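Everything quoted here is computed from the prediction, not taken from an experiment. Just so it is clear: chains get the letters A, B, ... in the order the sequence lines come, proteins before strands, and each one is counted from 1.
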There are 2 protein chains.
Amino acid sequence: MSNSKLYKGSLNTIILKLLDEQGKMYGYEITQKVKALTKGELQITEGALYPALHKLEAEGLLDVEVAKVDNRLRKYYMLTEAGEKETVNRLAELEEFIRSMQNLVNPNWSIN
Amino acid sequence: MSNSKLYKGSLNTIILKLLDEQGKMYGYEITQKVKALTKGELQITEGALYPALHKLEAEGLLDVEVAKVDNRLRKYYMLTEAGEKETVNRLAELEEFIRSMQNLVNPNWSIN
DNA sequence: CCTTATGCATAATAAACTTAGGTATATATT
DNA sequence: AATATATACCTAAGTTTATTATGCATAAGG
């Protein structure tokens, strides 16, 4: 990703969260979605994304569906049942992490 | 640190922030402070902390002051002038990161 | 024709961490 | 007396996770 080294570890959770929201997405779409949602601040590199997707698939959290659109290959990824359960856990963990970080960095912030 | 792989990249900033607040701290104190502030959620491992401190020192952001308390060695670290300036930058970057993450993970949160 | 965008992927490298080990003193427990 | 726990420093080896660089291929715009 672009913005320094802060994002390590959270990429998988971000992917799971997006797939949970969107139903199914393909790799390139994920990079663009994250870029848009963060106004260009987070740029997922392909060298990080595709290995991450493959790993999540190997772990049984994602299913793949290949499609051909405009003569171009697309691999749609979607959550398996196990993936949906895991998404809940990882999101909770990430949210807790964010709260901890906030508390360390800026205890004046309050979250609603 | 203990809680998974989420904290990567933010350790240096956390150290700088704490030293900015506390004036001077020694290594063990930092681990305990972070543990306390996060109610045990973030546990900085020594294998991460000491190399980080030495690197920050090598970068000219920290100064060291050795003291002997109760027959035990303590190395107090404190920000240099360059360290104070850098702390401002890194904190701003980390806060921006936290906002981005929040926006991705839970857009319903508002920050005050 | 060449660049930009779309779409996939991997290999080499670098950074940041965990795990495991080491040294040493002080205090509390069995 | 022996052992565990807490304090206090440190490093080496290995893992994870990312970046950078590269490759293949199609489509659209200049």
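- Separation of atoms NZ (A/Lys55) and CG (A/Leu53) is listed at 12.5 Å; rounding is to 0.5 Å.
- Looking at heavy-atom distances under 4.0 Å, B/Gly27 makes contact with sugar-phosphate atoms alone, never a base.
- In this structure, NZ of B/Lys24 is placed 14 Å from P of D/dA8, rounded to the nearest angstrom.
- Atom CG in B/Leu11 sits roughly 17 Å away from atom C1' in D/dA18 (whole-Å rounding).
- Counting only residues at least two apart or in different chains, side chain to side chain donor-acceptor pair (under 3.5 Å) contacts with residues 56-70 of chain B comprise B/Lys24-B/Glu65.
- Judged by closest nucleotide on DNA chain D, B/Tyr28 is the one of B/Tyr28 and B/Leu53 placed further toward the 5' end.
- Counting any heavy atom pair closer than 4.0 Å across all strands shown, A/Glu29 reaches no nucleic acid atom.
- For B/Lys75, a side-chain nitrogen or oxygen approaches OP1 or OP2 of D/dC10 to under 4.0 Å.
- A close approach under 4.0 Å does occur between a side-chain nitrogen or oxygen of B/Lys55 and OP1 or OP2 of C/dA16.
- Considering only side-chain N and O atoms, B/Tyr26 lies under 4.0 angstrom from the phosphate OP1 or OP2 of D/dA8.
- The environment of CD in A/Glu21 is crowded: more than 12 heavy-atom neighbours from other residues, nucleotides or ligands sit within 6.0 Å.
- A sub-4.0 Å separation between OP1 or OP2 of D/dT11 and a side-chain N or O of B/His54 is present.
- Between A/Gln32 atom CD and C/dG7 atom C1' the separation is 11 Å, expressed in whole Å.
- Spacing between atom CG of A/Leu49 and atom C1' of C/dA11 amounts to 17 Å, rounded to whole angstrom units.
- Between A/Arg72 and D/dT26 there is no side-chain polar atom (N or O) within less than 4.0 angstrom of OP1 or OP2.
- A side chain to side chain contact (heavy atoms under 4.5 Å, CB included) with B/Leu19 holds for exactly one of B/Leu56, B/Leu61, B/Leu79; it is B/Leu79.
- Comparing A/Ala52 and A/Glu46 by the nucleotide of DNA chain D whose heavy atom lies nearest to each, the residue mapping closer to the 5' end is A/Ala52.
- Note: CG (B/Leu73) to P (D/dC10) measures 8 Å, nearest angstrom.
- Here the P atom of nucleotide D/dA28 and the CG atom of A/Asn71 are 10 Å apart, to the nearest Å.
- Rounded to a whole Å, the CG atom of B/Asp70 is 17 Å from the P atom of D/dA6.
- Computed from coordinates, the B/Glu59 CD to C/dA15 P distance equals 11 Å when rounded to whole Å.
- The aromatic rings of A/Tyr26 and A/Tyr76 sit perpendicular, their planes meeting at an angle over 60°, well past the 30° parallel limit.
- Out of D/dC10, D/dT7, D/dA18, the shortest distance to the side chain of B/Tyr77 is found at D/dC10.
- A close approach under 4.0 Å does not occur between any side-chain nitrogen or oxygen of B/Tyr50 and OP1 or OP2 of D/dC10.
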